[in-house]
There are 2 protein chains.
Amino acid sequence: MSEIDAAESADLVAAWRELLARHAATACALDRELGERFGLGMSEFEVLERLAESRDEWAGKLRVQELGEKVHLSQSALSRLIGRLEKDGLVERHMCTEDRRGVFVLLSEVGWQRYQEARPLHRAVLRRSLMGRQPSCG
Amino acid sequence: MSEIDAAESADLVAAWRELLARHAATACALDRELGERFGLGMSEFEVLERLAESRDEWAGKLRVQELGEKVHLSQSALSRLIGRLEKDGLVERHMCTEDRRGVFVLLSEVGWQRYQEARPLHRAVLRRSLMGRQPSCG
DNA sequence: TTGCATTGATTGCACATGCATGTAGTGTCA
DNA sequence: TGACACTACATGCATGTGCAATCAATGCAA
């Protein structure tokens, strides 16, 4: 391994550790704070947000598959996450009549309100955690 | 919410999604590839690497607490991870005689070799995943 | 010395995740 | 029409995780 490769490796590792630290700190803070105050995990919020963003164009309705492309979860994890949101009344599942294998996930009114309540905290955590130097967690 | 705040929020969210995507892609690739070829998860490798880095100064021996400061895992997760590494013969646990609450984790010869074997793949994954645009995963 | 708060690490438990599989629906080709 | 490959989503299962409780050791103060 040449010195140049070694230096490049060291840079890569440093960048990766930086990314890991920011991710851990932010994800942990989001999970804790959104969980405490709104009963939402980081990924639950993410799904609500994607649905909320589709509100104008698609009436807050997305197929599970479309959500899967946006959120970094396995298909099974996403399915169960939607189940939890559904149980809490934040979203509804609807059959997709064009393709009856598909399932629409629809943001409920309660879900929309919960999202709007939680959003300022979410942004505050991002601001605090992504801008400043990382606090530790977990 | 003023327009400036809205723009700042949008930037934050964009940065956070970018970070999430890079993290997911890289972590997933590391887990899969290190797992397939060396039976190591991402965090297992990280712990081996921290121990390996302490080899010159501390003979590859760190206290659990010191590891905990470097790796983004809860105390319990780290304890069990060390348990797995120990079961596989990659590290050894030793009582810390100065403070008998503490535990030293010592990189074994097998662990050192495994680390050296796995490192090139680890670096290759980082290079591929951190430099290029993110592939999707999970 | 005794008593008590604190620290370091492990363990019980609940839960979220991913992989593999199952099930139902779609599309294609003969 | 029937067989077959493929897609969308859900579920069984094993595993890794964090929180809270636990246990042992330390340090400090009375």
Side-chain angles (χ1 to χ4, degrees), chain A residues 20 23-25 27-36 39-47 61-88 91-106 136-138, chain B residues 20 23-25 27-36 39-47 61-88 91-106 136-138:
Chain A
L20 277 177
H23 176 270
C28 184
L30 283 174
D31 263 333
R32 164 164 38 250
E33 308 203 17
L34 289 175
E36 273 177 11
L40 297 172
M42 180 184 89
S43 296
E44 278 83 355
F45 179 88
E46 205 79 24
V47 165
K61 199 167 71 169
L62 287 176
R63 293 199 37 174
V64 172
Q65 195 188 9
E66 295 175 292
L67 278 169
E69 290 162 11
K70 300 173 194 299
V71 173
H72 303 288
L73 283 178
S74 69
Q75 189 248 337
S76 62
L78 179 56
S79 176
R80 280 184 255 252
L81 192 156
I82 293 169
R84 295 195 294 276
L85 292 178
E86 190 182 29
K87 189 166 61 59
D88 292 347
V91 304
E92 299 163 11
R93 274 194 250 232
H94 290 286
M95 277 302 159
C96 177
T97 49
E98 311 117 43
D99 180 347
R100 297 175 54 212
R101 296 167 297 182
V103 169
F104 275 123
V105 184
L106 170 67
S136 73
C137 176
Chain B
L20 277 176
H23 176 270
C28 184
L30 282 174
D31 263 334
R32 164 165 38 250
E33 306 202 18
L34 289 174
E36 273 177 10
L40 297 172
M42 180 183 90
S43 295
E44 278 83 354
F45 179 87
E46 206 79 22
V47 165
K61 199 167 72 169
L62 287 176
R63 294 199 36 175
V64 173
Q65 195 188 10
E66 295 175 292
L67 277 169
E69 291 161 12
K70 299 173 194 299
V71 173
H72 304 287
L73 282 178
S74 69
Q75 214 179 20
S76 60
L78 179 57
S79 176
R80 282 184 255 252
L81 191 156
I82 293 168
R84 296 195 293 275
L85 292 177
E86 191 182 29
K87 190 167 59 60
D88 292 348
V91 305
E92 298 163 11
R93 273 194 250 233
H94 291 286
M95 276 304 158
C96 176
T97 49
E98 310 118 44
D99 182 346
R100 297 174 56 212
R101 295 167 297 183
V103 169
F104 276 122
V105 184
L106 170 66
S136 74
C137 177

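Convention: sequence-line order gives letters A, B, ...; per-chain numbering from 1. All values derive from a computational prediction rather than experimental measurement. Worth knowing before you read on, the calculation uses all heavy atoms, side chains too, and leaves out hydrogens, waters and symmetry mates.
Applying the 4.0 Å criterion to OP1 and OP2 of D:dC9, one finds that A:R63 has a side-chain N or O inside that range. In this structure, A:R101 does not reach the D:dA8 phosphate: none of its side-chain N or O atoms is under 4.0 Å from OP1 or OP2. Not one side-chain nitrogen or oxygen of B:Q75 sits closer than 4.0 Å to the OP1 or OP2 atom of C:dA9. Distances shorter than 4.0 Å separate some side-chain N or O of B:R93 from OP1 or OP2 on C:dT10.
Going from atom CG of A:D31 over to atom P of D:dC19 covers 9 Å, rounded to whole Å. Whole-Å rounding puts the A:L81 CG to D:dA10 P distance at 12 Å. Residue B:L30 contributes atom CG, which lies 17 Å from atom P of D:dG16 at whole-angstrom precision. Atom CD of A:E44 is separated from atom P of C:dT17 by 7 Å (rounded to the nearest Å). In this entry the distance linking CG of A:L78 with P of C:dT17 reads 9 Å, nearest Å. Taking atom CD on A:E86 and atom P on D:dT11, their separation rounds to 10 Å, with Å as the unit. If you take CG of A:L85 and P of C:dA16, they are 11 Å apart, rounded to a whole angstrom. As a whole-Å value, the separation of A:I82 CD1 from C:dA16 P is 14 Å.
Picking from C:dG18, C:dG12, C:dT10 the nucleotide with the shortest atom distance to the side chain of B:S79 gives C:dT10. Taking the side chain of A:D99 as heavy atoms from C-beta on, and the options C:dG25, D:dT26, C:dC19, the nearest nucleotide is C:dG25. Comparing C:dA9, D:dA8, D:dG18 by their nearest atom to the side chain of A:Q65 picks out D:dA8. Distances were taken from every side-chain heavy atom of B:R32 (C-beta onward) to each of C:dC19, C:dT17, D:dT11; the shortest belongs to C:dC19. Closest contact between the side chain of B:R100 and the listed nucleotides C:dT10, C:dT17, D:dA25 involves D:dA25. Relative to the side chain of A:R80, the nucleotides D:dA10, C:dT17, D:dG18 differ in distance, and C:dT17 lies closest.
The closest side-chain heavy-atom distance from A:K61 to A:C96 is not below 4.5 Å. You'll find the side chain of A:L67 reaches within 4.5 Å of the side chain of A:I82, heavy atoms only. Using a 4.5 Å cut-off on side-chain heavy atoms (C-beta onward), B:Q65 and B:D99 make no contact.
Remark: the A:S74 side chain and the C:dC19 base include no donor-acceptor N/O pair separated by less than 3.5 Å. At a cut-off of 3.5 angstrom, counting only N and O atoms as typed in the model, there is no donor on one side facing an acceptor on the other between the side-chain of A:S76 and the base of D:dC9.
A:S43 and A:L81 get closest at one heavy-atom pair: CB-CD1, 3.5 Å.
Projected onto DNA chain C by closest heavy-atom contact, B:F104 and A:T97 fall at different nucleotides, the more 5' of which corresponds to B:F104.
The distance from the CG atom of B:L30 to the CD atom of B:E33 is 8.0 Å, given to the nearest 0.5 Å. In this structure, the separation between CG on A:L34 and CD on A:E46 is 10.0 Å, given to the nearest 0.5 Å.
Within the 4.0 angstrom heavy-atom criterion, only backbone atoms of the sugar-phosphate kind lie near A:R84; the bases stay farther away.
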